[in-house]
Amino acid sequence: MDDDQFEEMYRRNPLKAFSIYTVTQLQSLRRMAFEIKAARDQKDPGPDIMKAYDFFWFWTLGAYAIIRTMTQHKQCFSSKIASASSPQTCSRNSRKANGLKGDARPPKRPGIVSLAQ
């Protein structure tokens with residue numbers, strides 16, 4: 001592989017320059033997301049709904065691991081990427097996506113016990 005091919009490979013996927021392991025984790029998460037969507041979009045998902053739940057659980061853990069790794073090594077990323085991958089930013093973006101404002105928390109539901117208590 002010559003220099004131009006290496007440059008093109010990193011241009012198409014700059015995360016490879018950081019860690020091939022993180023790239024592999026991200027590819028796994030994309031495959032899991034595809035499986036989750038496929039099960040969700042079925043008219044009668046039946047047992048596939050539990051498979052989708054399992055994948056969603058592991059997708060959440062995997063996404064957290066990638067964000068944590070990138071946050072721990074934020075000096076390796078541009079300031080825009082580093083600030084976007086911080087846990088505070090991810091949490092804030094999640095709250096916005098769910099229609100919550102500021103540090104608002106979702107209302108407690110009767111019968112749900114908070115682990116933070």
Side-chain angles (χ1 to χ4, degrees):
M1 195 177 270
D2 65 12
D3 288 345
D4 290 339
Q5 290 172 318
F6 271 113
E7 189 174 316
E8 177 62 19
M9 179 180 68
Y10 287 118
R11 189 191 62 71
R12 282 185 284 140
N13 192 345
L15 195 55
K16 283 183 180 179
F18 171 67
S19 168
I20 192 68
Y21 301 110
T22 303
V23 171
T24 303
Q25 290 170 338
L26 184 58
Q27 290 168 346
S28 295
L29 290 180
R30 287 181 177 153
R31 286 190 302 273
M32 283 185 177
F34 178 78
E35 292 287 333
I36 293 166
K37 289 176 185 175
R40 181 195 65 194
D41 293 342
Q42 291 180 7
K43 283 189 175 186
D44 183 24
D48 286 342
I49 199 70
M50 287 310 297
K51 180 180 173 184
Y53 176 80
D54 295 343
F55 278 153
F56 182 73
W57 173 244
F58 288 115
W59 183 93
T60 302
L61 294 174
Y64 171 78
I66 290 173
I67 300 267
R68 182 190 62 210
T69 299
M70 291 176 71
T71 300
Q72 290 171 343
H73 301 281
K74 60 185 170 189
Q75 71 277 8
C76 298
F77 300 96
S78 69
S79 58
K80 181 179 178 181
I81 298 295
S83 67
S85 68
S86 75
Q88 295 81 11
T89 303
C90 292
S91 178
R92 188 176 327 113
N93 290 342
S94 175
R95 286 193 304 271
K96 284 180 185 176
N98 289 309
L100 302 173
K101 296 179 181 172
D103 287 329
R105 305 255 184 239
K108 287 190 177 183
R109 297 182 187 133
I112 303 294
V113 177
S114 171
L115 296 176
Q117 294 177 355

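The shown structure was predicted, so the numbers you read here are calculated from the model rather than taken from an experiment.
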Here the side-chain hydrogen bond (donor to acceptor under 3.5 Å, both in side chains) pairs for residues 19-28, sequence neighbours left out, are Ser19-Thr22, Ser28-Arg31
Checklist line | Sequence neighbours excluded - side-chain hydrogen bond (donor to acceptor under 3.5 Å, both in side chains) pairs with any residue from residues 51-64 | finding: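 Of all non-adjacent pairs touching residues 51-64, none passes side-chain hydrogen bond (donor to acceptor under 3.5 Å, both in side chains).
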Any residue meeting side chain to side chain contact (heavy atoms under 4.5 Å, CB included) with [X], in chain and number order, not counting sequence neighbours:
| X | answer |
| --- | --- |
| Glu7 | none |
| Ala65 | Arg68 |
| Ala39 | Asp48, Ala52 |

Sorted by chain and residue number, the ring pair (Phe, Tyr, Trp, His ring centres under 6.0 Å) partners of Phe34 (sequence neighbours excluded) come out as none
Arg30 meets the salt bridge (Lys or Arg N to Asp or Glu O under 4.0 Å) criterion, sequence neighbours left out, with none
Ile36 reachable from Ile49 in the ILVMFWY side-chain graph, under 4.5 Å edges =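 In one cluster: no.
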Legend entry - Nearest heavy-atom neighbours spanning Met32 and Phe55: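 For Met32 versus Phe55, the nearest heavy atoms are SD-O, 3.8 Å.
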Here the gap from His73 atom NE2 to Thr69 atom OG1, rounded to the nearest 0.5 Å, amounts to 6.0 Å
How long is the straight-line distance from OG1 of Thr71 back to CD1 of Ile66, given to the nearest 0.5 Å?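 Answer for the CD1-OG1 pair, Ile66 versus Thr71, is 11.5 Å.
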Open item on the list: With a sphere of 6.0 Å drawn around CZ of Phe56, does it hold more than 12 non-hydrogen atoms of other residues, nucleotides or ligands?
Closed with: no
**Report entry** Residue Asp41 excluded, over 12 heavy atoms near CG under 6.0 Å
**Finding:**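 Enclosed: over 12 neighbouring heavy atoms sit under 6.0 Å from CG of Asp41.
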